[in-house]
K.L.:
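Attaching a single structure in structure tokens format; questions to follow.
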Number of protein chains: 2
Amino acid sequence: MVKQDDIREIIINVARNIFTKFGFRKTTMEEIAQAARKGKSSIYHYFHSKEAIFIAVVDKETSTLHLALTEAINTASNPEDKLRAYIHTRMEAINNLANLYSALRDEYLDHYNFIEKIRYSFDNKEITMIKEILVDGVNKGDFIIDDLEMTAFGLITALKGLEYPIFVKKEYVDFEKKFEGLLNILFYGIVKKKKFILRPTKKRI
Amino acid sequence: MVKQDDIREIIINVARNIFTKFGFRKTTMEEIAQAARKGKSSIYHYFHSKEAIFIAVVDKETSTLHLALTEAINTASNPEDKLRAYIHTRMEAINNLANLYSALRDEYLDHYNFIEKIRYSFDNKEITMIKEILVDGVNKGDFIIDDLEMTAFGLITALKGLEYPIFVKKEYVDFEKKFEGLLNILFYGIVKKKKFILRPTKKRI
DNA sequence: TAGTCGACCAAAATACAATATTAGTCAAAA
DNA sequence: TTTTGACTAATATTGTATTTTGGTCGACTA
């Protein structure tokens, strides 16, 4: 059926707007129904709960982001540029999604553990994508990476850390600049290379 | 007077314990007073408010940390090891202070803006210390850093990002390993150096 | 004089009940 | 198949009585 999916789509879209405005808790099914020009009960014909709608909204949003990221990656020609593109696109998107995201942050206190799950699955997708880029870079001989898992984890962590100032302060102005600098560190490090000295390989404990 | 400072010290110590257990809001002056074996009014002879006590506690804690960090830095012989020592000590300390810190986190919602100020001043101290290490490294010719401000900022951000998993999950187990890996990235980057290709030098802004 | 404290107060937190919303169900209608 | 009004149990909100708590003050030491 086309109709069915259309209406689902409508509900998801109107719900998205209301969720971003008021957050999960303060958004009522009545509001969603009215915005979708439906009776409240009708909504339950398409989604079995408010949670389900919220998840659908986030799913759509993340898959859109996923698409944008994939395209950004594919457009770039080498692993280094891919990583640059990924990070830029990601931060751009996060900046736009700030409202919806803050809706998450504000209420993850109220043990909405399904929100935890959402974040978790998103994190996993992200770690997968980054790992792909890194592996690609290693295979092509562009990167040298000891522990892939750890590097990906570290990258995500740093990126997440950078989200915070975006939310709180309006510091996004010169963020482009900062990213550029951070990326250079990531790629080249800060230690001056000396002749005849190879990078030391450490034993792990 | 020695006595006066002694009692201040006692109050700070007992308060620290109670704050770490119950957080700022749930800790009462009565409790602090009892723990210090004083009448509630007496406490006000040494601190003019609950906030003042809390600040004193945090001040002591951070200056202890500052000391530990300084020692760690001084013990290390070269800038690279200094940075390693700094980060290890810092994360170790954060891990121990997790309770007191979470007392901050939990209640920074309730617009205790003085808590914001505490964090802010702590962040500033930290950025200063890190910059010192970096400058030292640059002067000694060990590091090459384009934008010092940005690098320090990026480092702090990444470290802060790493705090989160420490608080939430008990993932500290293999954190040592992860740090080691991240530090290697920081120092050496992930891009494989090619012969005859020098690192591009960027213009300072 | 420096330190201690009981009595006191205003403001804030808490407890509780009355009231109102809201998520979700269901049977009937379109 | 889709829509909806009527209904309900659970949750949220609101208003209010009660208690707790941060902080002050003046008197009392040592």
Side-chain angles (χ1 to χ4, degrees), chain A residues 1-19 21-58 103 106-115 118, chain B residues 1-19 21-58 103-104 106-115 117-118:
Chain A
M1 275 285 170
V2 175
K3 185 80 176 297
Q4 201 180 59
D5 288 345
D6 280 355
I7 292 177
R8 272 184 69 95
E9 207 63 23
I10 289 174
I11 293 173
I12 291 176
N13 286 336
V14 300
R16 197 202 91 102
N17 290 331
I18 307 177
F19 278 134
K21 252 192 209 148
F22 304 122
F24 178 77
R25 213 184 95 214
K26 290 277 188 183
T27 298
T28 74
M29 291 298 271
E30 189 61 45
E31 288 172 307
I32 295 176
Q34 278 181 15
R37 295 165 182 261
K38 288 272 145 73
K40 191 187 66 169
S41 307
S42 307
I43 306 298
Y44 285 92
H45 193 258
Y46 299 93
F47 295 96
H48 73 279
S49 73
K50 193 162 85 163
E51 277 190 24
I53 301 181
F54 190 82
I55 291 175
V57 168
V58 175
D106 290 346
E107 292 163 1
Y108 88 122
L109 331 153
D110 314 277
H111 62 65
Y112 286 119
N113 64 348
F114 78 101
I115 284 183
I118 291 177
Chain B
M1 275 285 165
V2 175
K3 184 81 176 295
Q4 200 181 61
D5 288 345
D6 279 355
I7 292 177
R8 273 185 67 95
E9 209 60 26
I10 289 174
I11 293 173
I12 291 176
N13 286 334
V14 301
R16 196 202 92 101
N17 290 331
I18 306 177
F19 278 135
K21 253 192 208 147
F22 303 120
F24 178 76
R25 215 184 95 214
K26 290 277 189 183
T27 298
T28 74
M29 291 297 272
E30 190 60 46
E31 287 170 309
I32 295 175
Q34 280 181 16
R37 294 165 184 264
K38 289 274 145 69
K40 191 185 67 167
S41 307
S42 308
I43 306 297
Y44 284 90
H45 194 257
Y46 301 92
F47 296 95
H48 73 279
S49 71
K50 194 165 86 164
E51 277 191 24
I53 301 180
F54 190 80
I55 291 174
V57 169
V58 175
L104 284 181
D106 289 348
E107 291 162 4
Y108 86 124
L109 333 152
D110 314 275
H111 61 67
Y112 286 119
N113 63 348
F114 78 99
I115 284 182
K117 283 179 192 163
I118 292 176

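Please read all numbers here as calculations on a predicted model, not as lab measurements. A note on names: the letters A, B, ... follow the listed sequences, proteins ahead of strands, and every chain is numbered from 1.
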K.L.:
So which one's nearest nucleotide on DNA chain C is more toward 5', B:R37 or B:K40?
P.N.:
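Residue closer to the 5' terminus by nearest nucleotide: B:R37.
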K.L.:
For the side chain of A:H45, starting at C-beta, report the closest nucleotide among D:dC25, D:dT2, D:dG22.
P.N.:
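The listed nucleotide nearest to A:H45's side chain is D:dT2.
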K.L.:
Reckon B:S42 touches a base, only the sugar-phosphate, or nothing at all at heavy-atom distances under 4.0 Å?
P.N.:
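The answer is base, as B:S42 lies within the cut-off (heavy atoms under 4.0 Å) of a base atom.
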K.L.:
Could you tell me how far apart B:Q34 (CD) and D:dT21 (C1') are, to the nearest whole angstrom?
P.N.:
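Between C1' of D:dT21 and CD of B:Q34: 13 Å.
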K.L.:
Tell me the closest heavy-atom pair linking A:R8 and A:Y46, and the distance in Å.
P.N.:
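Shortest heavy-atom separation between A:R8 and A:Y46 comes out as NH1-O, 3.0 Å.
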K.L.:
Which nucleotide, C:dG3, C:dG24, D:dG22, lies nearest any side-chain atom of B:M29?
P.N.:
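Side chain of B:M29 sits closest to D:dG22.
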K.L.:
In whole angstrom, what separates A:D6's CG from D:dT3's P?
P.N.:
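These atoms are roughly 11 Å apart.
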K.L.:
In whole angstrom, what separates B:I43's CD1 from C:dG6's C1'?
P.N.:
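My rounded result for the distance is 15 Å.
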K.L.:
If you only use heavy atoms from C-beta on, which nucleotide in D:dT21, D:dG23, D:dT4 is closest to the side chain of A:K38?
P.N.:
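Nearest to the side chain of A:K38 among the choices is D:dT4.
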K.L.:
Could you state the atom-to-atom distance from CD1 of A:I7 to P of D:dT1 in whole Å?
P.N.:
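It works out to 14 Å between those atoms.
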K.L.:
So, does B:K26 get its side chain near the phosphate of C:dT14, meaning an N or O under 4.0 Å from OP1 or OP2?
P.N.:
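Indeed, a polar side-chain atom of B:K26 lies that close.
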K.L.:
Ignoring backbone atoms, establish whether B:Y46 has a side-chain N or O less than 4.0 Å from OP1 or OP2 of C:dT4.
P.N.:
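For C:dT4, OP1/OP2 do have a side-chain N/O of B:Y46 under 4.0 Å.
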K.L.:
Have a look at the helix from C:dT1-D:dA30 to C:dA30-D:dT1 and give the angle its two end axes make, five pairs each, rounded to 10 degrees.
P.N.:
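Overall, the helix from C:dT1-D:dA30 to C:dA30-D:dT1 bends by 40° from one end axis to the other.
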K.L.:
Which class fits the ring pair A:F54 and A:F24: parallel under 30°, tilted 30 to 60°, perpendicular over 60°?
P.N.:
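A:F54 and A:F24: perpendicular rings.
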K.L.:
Please find the pair of heavy atoms, one from A:F47 and one from A:A56, that lie closest to each other, and give the distance.
P.N.:
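The pair with the smallest heavy-atom distance is CE2-CB, 3.8 Å.
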K.L.:
Measure from CZ on B:F24 to C1' on C:dA13 and round the result to the nearest Å.
P.N.:
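Spelled out: CZ on B:F24 to C1' on C:dA13 is 14 Å.
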K.L.:
Could you tell me how far apart B:E51 (CD) and D:dG22 (P) are, to the nearest whole angstrom?
P.N.:
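The distance from CD of B:E51 to P of D:dG22 comes to 12 Å, rounded to the nearest Å.
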K.L.:
Is a side-chain donor or acceptor of A:K40 paired with a backbone partner of A:T28 at a separation under 3.5 angstrom?
P.N.:
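No, A:K40 side chain to A:T28 backbone: no donor-acceptor pair under 3.5 Å.
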K.L.:
Round to the nearest Å and state the distance from B:I11 atom CD1 to C:dT4 atom C1'.
P.N.:
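Roughly 12 Å, once rounded to whole Å.
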K.L.:
Using atom OH of A:Y44 as one end and atom C1' of D:dT4 as the other, report the distance to the nearest whole Å.
P.N.:
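Computing the A:Y44:OH to D:dT4:C1' distance gives 14 Å.
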K.L.:
Any side-chain heavy-atom pair from B:K38 and B:I10 closer than 4.5 angstrom?
P.N.:
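No. Closest side-chain heavy atoms not under 4.5 Å.
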K.L.:
For B:R25 and B:K50, work out which heavy atoms get closest and say how close.
P.N.:
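So the minimum-distance heavy-atom pair works out to O-NZ, 3.5 Å.
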K.L.:
With respect to A:I32, which candidate in A:I53, A:N17, A:I12 satisfies the side chain to side chain contact (heavy atoms under 4.5 Å, CB included) definition?
P.N.:
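Option passing the side chain to side chain contact (heavy atoms under 4.5 Å, CB included) with A:I32: A:I53.
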K.L.:
Go through the N and O atoms of the side chain of A:S41 and the base of C:dT25, and report whether any donor-acceptor pair is under 3.5 Å.
P.N.:
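Answer is yes: a donor-acceptor pair is held.
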K.L.:
OP1, OP2 of C:dT14 versus side-chain N and O of B:R25: anything below 4.0 Å?
P.N.:
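The answer is yes; a side-chain N or O of B:R25 sits under 4.0 Å from OP1 or OP2.
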